[in-house]
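As structure tokens, the structure follows; a few thoughts come after it.
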Amino acid sequence: DAEITQSPRHKITETGRQVTLACHQTWNHNNMFWYRQDLGHGLRLIHYSYGVQDTNKGEVSDGYSVSRSNTEDLPLTLESAASSQTSVYFCASSESFSGPQHFGDGTRLSIL
Amino acid sequence: EDQVTQSPEALRLQEGESSSLNCSYTVSGLRGLFWYRQDPGKGPEFLFTLYSAGEEKEKERLKATLTKKESFLHITAPKPEDSATYLCAVQAPGLTGGGNKLTFGTGTQLKVEL
């Protein structure tokens, strides 16, 4: 079965460090997304990509970057981790602009 | 700005006690309303998409309905395995390149007890 795999599932790091979260999907979807989920907020969009070499900023993109070198992977990088970026991060993909997004099981990131 | 409000925040039911979850929304140019189920430590799992007022979708004990201002997720004779957080999201234009943006509510945490 097709799936989205996120790694690591949990990570603890220090402020100022660079962190990269991996996302790999086997749906063969062109559209991929990164969200963060915090208490009291709905899932919020960080970055998204419509295909190889395409990346776009979402509503909470400051301090994050993504790159898309192939269809399957969209890694999320925190350039210099800040405590405000402690959160649960979800990767998602979709076949079309209007279809449902399918989510991975998330990475819980703690920045001390 | 698109907004989604879900109520109640938490709901405790006895097994077999039917109820409804509400998702109220304001959006410019609705292109779909999605319901997801999220279990602890897991990502959201897609349940339904509704595209127009009056539309209904069913899956086992769940039925989703849509009006111009809100959606309901009806749970009939729930079982303990239905315990989860249920998320609602509206899809509307707003992303670069013509893509649709999803705006999520904060969810309803459902607990079904024996």
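Model, not experiment: these values are computed from the prediction. Labels below follow one simple rule: chain letters A, B, ... track the order of the sequence lines, proteins then strands, and each chain is numbered from 1. When reading the values below, keep in mind they use all heavy atoms of this one structure, side chains included, and skip hydrogens, waters and symmetry mates.
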Do [X] and [Y] meet the criterion of a side-chain donor-acceptor pair at a distance under 3.5 Å?
{"X": "B:His74", "Y": "B:Ser20", "answer": "yes"}
{"X": "A:Gln101", "Y": "A:Tyr35", "answer": "yes"}
{"X": "B:Ser18", "Y": "B:Thr76", "answer": "no"}

key: Heavy-atom contact with chain A under 4.5 Å, split by part of B:Leu95   =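 B:Leu95 touches chain A through backbone and side-chain heavy atoms alike.
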query = Which bit of B:Gln38 comes within less than 4.5 Å of chain A, counting heavy atoms only: side chain, backbone, both or neither?
reply = side chain
Distance check, rounded to the nearest 0.5 Å: [X] atom [atom1] versus [Y] atom [atom2]?
{"X": "B:Lys69", "Y": "B:Cys23", "atom1": "NZ", "atom2": "SG", "answer": "14.5 Å"}
{"X": "B:Thr85", "Y": "B:Glu9", "atom1": "OG1", "atom2": "CD", "answer": "11.0 Å"}
{"X": "A:Asp73", "Y": "A:Ser49", "atom1": "CG", "atom2": "OG", "answer": "11.0 Å"}

ask   = Based on non-hydrogen pairs under 4.5 Å, which of B:Gly32, B:Gly94, B:Gly43 is most in contact with chain A?
value = B:Gly43
request  = With a 4.5 angstrom heavy-atom cut-off, could you sort out which part of A:Gln6 is near chain B: side chain, backbone, both or neither?
outcome  = neither
remark   = When the 4.5 angstrom heavy-atom criterion is applied to A:Arg9 and chain B, the contacting part is side chain
Residue [X] excluded, over 12 heavy atoms near [atom1] under 6.0 Å:
{"X": "A:Ile12", "atom1": "CD1", "answer": "no"}
{"X": "A:Glu59", "atom1": "CD", "answer": "yes"}
{"X": "A:Gln18", "atom1": "CD", "answer": "yes"}

inquiry  = Among A:Gly42, A:Pro100, A:Gly106, which residue has the highest count of heavy-atom pairs closer than 4.5 Å to chain B?
reply    = A:Pro100
task = Heavy atoms only, distances under 4.5 angstrom: which of A:Gln37, A:Arg108, A:Lys57, A:His41 has the most pairs with chain B? Name it, please.
result = A:Gln37
Verify the cluster assignment for [X] and [Y]: are they in a single hydrophobic cluster under the rule of side-chain heavy atoms below 4.5 Å apart?
{"X": "B:Phe34", "Y": "A:Leu43", "value": "yes"}
{"X": "B:Phe48", "Y": "B:Tyr36", "value": "no"}
{"X": "A:Tyr89", "Y": "A:Phe33", "value": "no"}

remark   = Taking a cut-off of under 4.5 angstrom between non-hydrogen atoms, the residues of residues 52-63 of chain B near chain A are none
key: Part of residues 101-108 of chain B lying next to chain A, heavy-atom separation under 4.5 Å   =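 From residues 101-108 of chain B, the residues near chain A are B:Lys101, B:Leu102, B:Phe104, B:Gly105, B:Thr106.
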query = Taking C-beta and beyond as the side chain, do A:Glu95 and A:Asn28 meet within less than 4.5 Å on heavy atoms?
reply = no
